[in-house]
Amino acid sequence: MSSAHLFSSVQELAAALAGGRLSSVELTQACLARIRSVEGRVRACNSFDEPGALAQARESDARRAAGRARGPLDGIPVGLKDVIAVQGQPLTCSSRMLANYVSPYDATVAAKLKAAGAILLGRLNLDEFAMGSSTENSAFGPTANPWDLTRVPGGSSGGAAAAVAAGELPLALGSDTGGSIRQPAALCGIVGLKPTYGLVSRYGLAAYASSLDQIGPMGRSVADVALLLGAIAGHDPRDSTSLRAEVPDYGAELAVRRGPWRLGVPREFFGAGLDPEVGAAVQSAIAFYRSRGCEIREVSLPLAAEYAIAVYYLIATAEASSNLARYDGVRYGHRSAAAKDAVDLYFQSRAEGFGEEVKRRIILGTHVLSSGYYDAYYLRAQKVRALIRQEFVRVFQDCDALLSPTSPTAAFRLGEKSADPLAMYLTDIYTISVNLAGLPALSVPCGFTSAGLPVGLQIIGQPFQEAGLLAVAAAYEQAHAWKDRHPSL
Ligand code: GLN
């Protein structure tokens, strides 16, 4: 397969496989060759299992030859963020704590992808335990943005976004607790979707903040993301928060949903802190929808704008402090060799195994849950979360979807914000409230800055309206050629 196919859509790849013009082994080898040629610069993969991937690819080719191909993902390589369990593969969460951990079981999404015939190729880098917005908080070192190797890819699913943008893989799964799929998708110029809370099973996802975490698809086009979403969505009895929602054929829905839509523009998401070039790109996307007959209405989300970050850092850290208690060197994870006694073993193992940002959050989360502070912080944050959710319900009474920037800036420089946690936290200002409200949202490329860095448009929808969101995004994508630009590397 020539390198010209590296940026092919999944539809094109599936058609080539179905037509016998390409084998899964050739496609997998092409991805491996691309990984080998760019990984020294991009550093998106924590590890990849070449023999395992080629064995899966041979099985796919054999199935197809026997007339038993399983559908459009059969034979297609998919990378997974290194927080999603695949049996027999490393599951590090980009943490020293799990540096030697191998998963004994498959996450539900991994099992579903295997059943669809996909090739699970590559464990993709992230901020340790998905805590961060730049992929710099990784025990394995940062990933670089393929558009400018001196810049961050965003985070925490930065490895997934960079690998897809760089043509290493056609598709990837990330996870999004406060923006970790959408923000890196925006900064790397790809499409990323955070599903409605409960649409995709979290079974086998290493938990960060369980009431906010969702696994979601990342790809180079809306149609590719629609296809991958359909493969992973659906009720799972092994996740008690999984909902019994109907899973439509998202790809087929794209063809029939044409709008026009009533689109809300939250005034507060265009204020101070928004980079003017990012703002201009998003405004021209809004103008496009208006030109296509959509009704554009200004709406207001004052609580989301004002309190989402504070509320998130109380709730997410509280849940993280509880979820990460299991990494104690006894049941799981790194075990210190220096411990003097049993209690010291816990202290030393956690001190050695966790990075700085993870420790900061465990300490904060433990504090906000502690007696005497619980009501003032955690309980109050839950109340404000309920108000933010209501604010969205109200706005959606007369809007089909909301439009905003995904991130206030394009990709920033490696090291630029790493010494300042608050500056880093502010990069999620437009994405975090969506997780607090449990809503679906995606980021789709909407242009480039004068420095050649991608800009993302965020589209937010009502619960389980993923098909509608994808259609709104596709209408924009089809009228623009952004997805045909690729980093030169
Ligand atoms: N950047 C946010 C954080 O650091 C969101 C991360 C995420 O969505 N996993 O918590």
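The first residue in the sequence is number 1, and the count goes up from there. First listed ligand is number 1; within each ligand, the first listed atom is number 1.
Each of the following atoms of ligand 1 lies closer than 4.0 Å to a heavy atom of Met131: 4 (O). For ligand 1, the atoms sitting less than 4.0 Å from at least one non-hydrogen atom of Tyr313 are 2 (C), 3 (C), 4 (O), 10 (O), numbered in the order shown with element in parentheses. For ligand 1 and Arg361, the ligand atoms under 4.0 Å from any heavy atom of the residue are 3 (C), 4 (O), 10 (O). Of all atoms in ligand 1, listed by their number and element, those nearer than 4.0 Å to a heavy atom of Ser156 are 9 (N).
Residues Glu277 and Val455 fail the side-chain proximity criterion, which asks for heavy atoms closer than 4.5 Å.
Ligand 1 lies out of reach of Gln183, whose nearest heavy atom is not under 4.0 Å from it. At least one heavy atom of Tyr312 sits under 4.0 Å from some atom of ligand 1.
Of the heavy atoms in Tyr208, only side-chain atoms (C-beta onward) come closer than 4.0 Å to ligand 1. With a 4.0 Å cut-off on non-hydrogen atoms, Phe129 does not touch ligand 1 at all.
In this structure, Tyr430 has its ring center at least 6.0 angstrom away from the ring center of Phe270. Proximity of the aromatic rings of Tyr307 and Tyr312 is defined here by a centroid distance below 6.0 angstrom, and this criterion is not met.
Annotation: Gly132 places an N or O atom under 3.5 Å from an N or O atom of ligand 1; distance criterion only. Residue Ala130 has at least one N or O atom closer than 3.5 Å to an N or O atom of ligand 1. Backbone and side-chain nitrogen or oxygen atoms of Asp428 are examined, and one is located within less than 3.5 angstrom of a nitrogen or oxygen of ligand 1.
When only modelled atom types and interatomic distance are considered, Asn323 and Ser210 share a side-chain donor-acceptor pair under 3.5 Å. Side-chain atoms of Thr92 and Asp82 include a donor-acceptor pair closer than 3.5 Å. For Ser443 and Thr406, the side-chain atoms include at least one donor-acceptor pair closer than 3.5 Å.
At the top of the distance list for atom 7 (C) of ligand 1, counting protein heavy atoms only, stands Ser180 OG, 2.4 Å.
No more than 12 heavy-atom neighbours from other residues, nucleotides or ligands sit within 6.0 angstrom of OH on Tyr346.
Across Arg182, Arg202, Lys81, a single residue satisfies salt bridge (Lys or Arg N to Asp or Glu O under 4.0 Å) together with Asp176, and that is Arg182.
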